[in-house]
Amino acid sequence: QVRLVESGGGLVQAGGSLRLSCAASGRRFSSYTMGWFRQAPGKEREFVAAIRWTDRSTRYADSVKGRFTISRDNAKNTVYLQMNSLKPEDTAVYYCAAAPEVVLSTTPGGYDYWGQGTQVTVSS
């Protein structure tokens, strides 16, 4: 049973930083793609970033390129999302997701497993 647990969300002022963590368990993730998505109230869930566990290839949404960085720690089975220069429009619930494949999917349907989400609120 795959389990994903996010942490690190909170309230931050515009221009600030947060680092989200996603602790993964229940499977060997060596052939997985891990993703971060977000969902603001009244909006659809949208892609933020993805990383391929094997070679650390990454993909980002245009809206976060240059501000967010996705990374992973093999030893801790943990994926991170470093978020810098945060904007009020980054406010959302952020979800970690896992897909048992190497394609860096940008759609929610491309992922089989999801965490419970962590709230990020950026004040202006």
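Predicted, not measured: the structure shown is a model, and the values here were computed from it.
Cluster annotation: Leu4 and Ile70 are assigned to the same hydrophobic cluster (Ile/Leu/Val/Met/Phe/Trp/Tyr, side-chain heavy-atom contacts under 4.5 Å, transitive). Linking Ile, Leu, Val, Met, Phe, Trp and Tyr whenever their side-chain heavy atoms come within less than 4.5 Å puts Tyr113 and Val48 in one cluster. If you chain together hydrophobic residues whose side chains sit under 4.5 Å apart, Phe47 and Trp114 fall into the same group. Put simply, Met34 and Tyr94 are part of the same group of oily side chains (I, L, V, M, F, W, Y) that touch within less than 4.5 Å, one to the next.
Taken to the nearest 0.5 Å, the CG atom of Asn77 stands 9.5 Å off from the SG atom of Cys22. For the atom pair CD (Gln39) and CD (Gln119), the distance works out to 11.0 Å, reported to the nearest 0.5 Å. Of the inter-residue distances, the one linking Leu18 atom CG with Leu81 atom CG reads 9.5 Å to the nearest 0.5 angstrom.
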- Query: When you look at Lys87 and Asp90, which way does the salt bridge (Lys or Arg N to Asp or Glu O under 4.0 Å) test go after all the steps?
  - Reply: CA-CA 5 Å; Lys87 305 175 182 179; Asp90 294 318; over 6 Å; no
- Kindly determine whether Asn84 and Leu86 satisfy side chain to side chain contact (heavy atoms under 4.5 Å, CB included), including the steps that lead there. CA-CA 5 Å; Asn84 298 328; Leu86 282 161; over 6 Å; no
- Item | Audit row: Val79, Ile51, side chain to side chain contact (heavy atoms under 4.5 Å, CB included) steps and yes/no | CA-CA 9 Å; Val79 177; Ile51 186 167; 4.3 Å; yes
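Between the Arg52 side chain and the Val102 main chain, a donor and an acceptor come within less than 3.5 Å of each other. Between the side chain of Ser85 and the backbone N or O of Arg67, no donor-acceptor pair lies under 3.5 Å. For Thr33 (side chain) and Glu101 (main-chain N/O), a donor-acceptor pair under 3.5 Å exists by modelled atom type. Between the Thr121 side chain and the Leu11 main chain, no donor and acceptor come within less than 3.5 Å of each other. Arg59 places a side-chain N or O within donor-acceptor distance of the main-chain N or O of Leu104, the cut-off being under 3.5 Å.
When all heavy atoms of Ala99 and Gly110 are compared, the closest pair comes out as CB-O, 3.2 Å. Of all non-hydrogen atoms in Ala50 and Tyr111, the two that sit nearest each other are CB-OH, 3.5 Å. Across every non-hydrogen atom of Glu6 and Cys96, the tightest pair is OE2-N, 2.8 Å.
Side-chain contact of Arg19 with Tyr80: a donor-acceptor pair under 3.5 Å is absent, judged by distance alone. With 3.5 Å as the limit, one finds a donor-acceptor pair spanning the side chains of Tyr32 and Arg27. With hydrogens and angles left out, the side-chain atoms of Asp73 and Thr78 include no donor and acceptor closer than 3.5 Å.
Ring planes of Trp53 and Phe29: tilted class, angle from 30 to 60°.
With a 4.5 Å cut-off on side-chain heavy atoms, Asp112 and Pro100 count as touching. Within the 4.5 Å cutoff, no side-chain heavy atoms of Gln82 are placed close to those of Ser71. For the pair Val120/Thr91, no side-chain contact is recorded, criterion being any heavy-atom separation below 4.5 Å from C-beta on. Residues Met83 and Val12 have side chains not in contact (no heavy-atom distance under 4.5 Å, counting atoms from C-beta outward). Within the 4.5 Å cutoff, no side-chain heavy atoms of Thr58 are placed close to those of Arg72.
Between Phe37 and Tyr95, the ring centre distance reaches or exceeds 6.0 Å.
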